[in-house]
Amino acid sequence: MSEIDKRNRLSEEPFAYQITKKGTVVIYYGGKQIKIVKDRDAERLIARIKEVEDNIIEIQLLLAKITGNFKRGNEKFGKNKRK
């Protein structure tokens, strides 16, 4: 078992991505858009994804790393804030 994914969450494929015509990468988590990667970062990410396109876990790991630490309880609820 990998030290990076001890709870085996990446095998559930929580992340998805879409490469646009402009060369940007839109990353989704659980069906919701969480990040847009542009310019050089997008080029590097696309190249890296193409290198490991056969390994789903590696792609999930790449997407998790580029999104950073986004789920830490400080997410905004939008207009319908909970009190």
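One distance of note links CG of L61 with CD1 of I66; it measures 11.5 Å at 0.5 Å rounding. I46 contributes atom CD1, which lies 12.0 Å from atom CG of L62 (distance to the nearest 0.5 angstrom). Taken to the nearest 0.5 Å, the CG atom of L63 stands 11.5 Å off from the NZ atom of K35. Put simply, CD1 on I57 and CD on E12 are 9.5 Å apart, with the number rounded to the nearest 0.5 Å.
A 4.5 Å side-chain heavy-atom check between I27 and Q33 finds every atom pair outside the cut-off.
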Which side-chain N or O atoms in residues 15-23 pair as donor and acceptor under 3.5 Å with protein atoms at least two apart or in another chain?
| residue | atom | partner | partner atom | Å |
| --- | --- | --- | --- | --- |
| Q18 | OE1 | Y28 | OH | 3.2 |
| T20 | OG1 | T24 | N | 3.2 |
| T20 | OG1 | T24 | O | 3.3 |
| T20 | OG1 | T24 | OG1 | 2.6 |

In a table with atom names and distances, give each donor-acceptor pair under 3.5 Å that connects a side chain of residues 36-45 to protein atoms at least two apart or in another chain.
| residue | atom | partner | partner atom | Å |
| --- | --- | --- | --- | --- |
| D41 | OD1 | R44 | NH1 | 3.4 |

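For E51, the salt bridge (Lys or Arg N to Asp or Glu O under 4.0 Å) criterion is met by R48, not counting sequence neighbours.
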